[in-house]
There are 2 protein chains.
Amino acid sequence: MEHAEEALFRPVRAGNAFEETVERLMQAIRLGVVAPGERLPSERELATRLGVSRVTVREAIRSLQENNYVESRRGRYGGTFVNDEIPKSAPGKEFGDIHDALTLRKVLETGAAEAAAGRSLGPAERRGLRARLEEASTASLGEYRRKDSRLHLAIAEATGSASLTAAVADSRMRVNELLDTIPLLEPNLVHSNAQHERIIASILDGDPAGARLAMAEHLDGTASLLRGFLV
Amino acid sequence: MEHAEEALFRPVRAGNAFEETVERLMQAIRLGVVAPGERLPSERELATRLGVSRVTVREAIRSLQENNYVESRRGRYGGTFVNDEIPKSAPGKEFGDIHDALTLRKVLETGAAEAAAGRSLGPAERRGLRARLEEASTASLGEYRRKDSRLHLAIAEATGSASLTAAVADSRMRVNELLDTIPLLEPNLVHSNAQHERIIASILDGDPAGARLAMAEHLDGTASLLRGFLV
DNA sequence: CTCCAAAGGTATGTCTGCGAGCCATTGGCC
DNA sequence: GGCCAATGGCTCGCAGACATACCTTTGGAG
């Protein structure tokens, strides 16, 4: 065999520093962690947190400006702000491996739901989850993908594991790119919200098995949709 | 809240190219993907696969030579070979976040076991799993950690998801570093082998729920051991 | 015995990315 | 009205990493 080697000898870095920085900032915007109208951290702060030089951060931001994701304003209380209308992700992405992305997502997100339900959550965390649920349920079609992602990220965060949260964020970006190529319909959305309620209820009730099951059903919906659309 | 930002604005790259390359090669050796006496891929091949220049690969290998992990021989049929006795990992590692590592591992590995059991495996994959199980069950104390990792990696591979396999490899490295600081005893080993049998049997029988459960119990063993030892 | 393919060993010029510093702009505070 | 802190905008020299080319060693094939 020895084809586990493929996993271990995969490329050390996904791209150059610039590309990866753009990717991260896009993640923050597309997953709704920084909403339209809100401000990104300052260039100096981003440079520190992303472990990258300020020059590189600026180049990445410039690239986002040119693609109408953000606008920058100078002066104190200035900064880089997310535009109200952000471009759709470029279509025709190579669908790498749908099976790969969906398998990883299912493992991570059902695991996160179960783990979150198995923890004793503080009042702030419980409030956070309810707030995200509320946001998602009242979201319009245009902002649904973002609000949905924020809810799922909040669930991952509720596990208390930063690396699990990071993994979920990456996974969602991959799957969202695929989802962006197929239509999002009102009925899906209603159904999705009902499932969200079950998931959050199970987590808040401390019911790991229920949370896992509810999440699994939730994910299976979009998974079969995807497998259907993309052959 | 907005502390999902912590996950998204984490550092873009874990270290410089050299450090990450060393890390990868150590993973391959420590996880037993390249066993003692075996040869690493050639420098040129590693450079291509790791997406890094040959100079960097050589520096990384040099560092491994100086630490007695490998030896290089010139000429055709030469190469870089893994030593029989590889150094123990440096103790006193900062125990970053034990909870974080264990949470992620549980999610990934129970998910992998379940996913593997839910697939129809080819004869080669089934044979591979049985072979790894056999290797682990007959391993001596000294080589147990390696053989054990190979078995778990084989399970991840059986999901057919490369990124899941990569994630499991990373996760195991983190947890193994912690495990290296506490003793490995014969009784643990016997118990562990029995659990391995159950896991593999469930996977080969196509019993996802059973595989998940067996894996969960298996992991809980070392998890509670760790939490106990490391406060 | 000779040849030569494949592996490690070496050298050099280029370019990316970083660090550090300074400038320009802005709006609240005193 | 003036100050000034915090932000984006800009420049320059250095270190790391890269691509490429060439050299040296080795053992099997012919």
Side-chain angles (χ1 to χ4, degrees), chain A residues 2 5 9-26 28-29 34 37-83, chain B residues 2 5 9-26 28-29 34 37-83:
Chain A
E2 293 327 341
E5 292 188 1
F9 296 144
R10 81 200 114 102
V12 161
R13 11 196 65 174
N16 53 33
F18 163 74
E19 286 169 12
E20 289 198 43
T21 304
V22 171
E23 202 61 29
R24 277 304 176 72
L25 298 179
M26 292 238 315
I29 296 170
V34 182
E38 287 186 352
R39 215 194 64 175
L40 289 176
S42 74
E43 294 179 353
R44 289 168 175 85
E45 188 183 341
L46 280 176
T48 305
R49 290 173 63 175
L50 297 178
V52 115
S53 81
R54 208 185 132 207
V55 181
T56 304
V57 169
R58 300 199 77 253
E59 282 167 355
I61 288 180
R62 173 115 67 98
S63 158
L64 292 181
Q65 287 168 349
E66 284 165 1
N67 289 283
N68 280 107
Y69 283 87
V70 299
E71 273 180 11
S72 294
R73 291 201 288 276
R74 295 174 68 157
R76 189 167 186 175
Y77 305 95
T80 300
F81 298 80
V82 177
N83 286 337
Chain B
E2 294 324 345
E5 293 189 0
F9 296 143
R10 84 199 112 104
V12 162
R13 13 194 65 175
N16 54 33
F18 164 73
E19 284 170 335
E20 289 198 42
T21 304
V22 171
E23 202 61 30
R24 278 302 178 73
L25 297 179
M26 291 240 315
I29 295 170
V34 182
E38 286 186 352
R39 217 195 64 178
L40 289 176
S42 74
E43 294 177 353
R44 288 169 175 85
E45 188 183 340
L46 281 175
T48 306
R49 291 173 63 176
L50 297 177
V52 112
S53 80
R54 209 184 133 208
V55 181
T56 305
V57 170
R58 300 197 79 254
E59 281 168 355
I61 288 180
R62 173 113 69 97
S63 157
L64 292 181
Q65 287 167 348
E66 283 165 0
N67 290 282
N68 280 107
Y69 282 87
V70 299
E71 273 180 9
S72 294
R73 291 202 288 276
R74 294 174 70 157
R76 189 170 184 176
Y77 305 96
T80 300
F81 298 82
V82 177
N83 285 337

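Convention: sequence-line order gives letters A, B, ...; per-chain numbering from 1. Worth knowing before you read on, the calculation uses all heavy atoms, side chains too, and leaves out hydrogens, waters and symmetry mates.
- Side-chain contact check for A/Thr80 and A/Glu71: no donor-acceptor pair (N or O, by modelled atom type) lies under 3.5 Å.
- When distances are taken from the side chain of A/Ala17 to each of D/dA21, D/dT7, C/dG17, the shortest belongs to C/dG17.
- Between the CD atom of A/Glu20 and the C1' atom of C/dT16 there is a distance of 14 Å, rounded to whole Å.
- Nearest-nucleotide positions on DNA chain C place B/Ser42 closer to the 5' end than the other of A/Ser53 and B/Ser42.
- Atom CZ of A/Arg76 and atom P of C/dC29 are 8 Å apart (whole Å).
- The side chain of B/Tyr77 sits closest to D/dG28 out of D/dG8, C/dG9, D/dG28.
- With hydrogens and angles ignored, a donor-acceptor pair under 3.5 angstrom links the side chain of A/Arg44 to the base of D/dG8.
- For C/dG9, the base has a donor-acceptor partner in the side chain of B/Arg54 [N/O atoms by modelled type, under 3.5 angstrom].
- Dashed line: the shortest gap from a side-chain N or O of B/Thr56 to OP1 or OP2 of D/dC18 is under 4.0 Å.
- The side chain of A/Thr80 contributes no N or O atom lying less than 4.0 Å from OP1 or OP2 of D/dT7.
- In this structure, the side chains of B/Phe81 and B/Leu40 stay at 4.5 Å or more apart for every pair of heavy atoms.
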Inset, instruction - Could you go through the salt bridge (charged side-chain N to carboxylate O under 4.0 Å, His left out) check for A/Glu20 and A/Arg24 one step at a time? - result: CA-CA 6 Å; A/Glu20 289 198 43; A/Arg24 277 304 176 72; 5.6 Å; no
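- Within 4.0 Å (heavy atoms only), B/Arg58 reaches at least one base atom of the nucleic acid.
- Each of A/Arg74 and A/Phe18 has a nearest nucleotide on DNA chain C; the 5'-most of these lies closest to A/Phe18.
- Both A/Gly75 and A/Arg13 sit near DNA chain D, but only A/Gly75 has its closest nucleotide nearer the 5' end.
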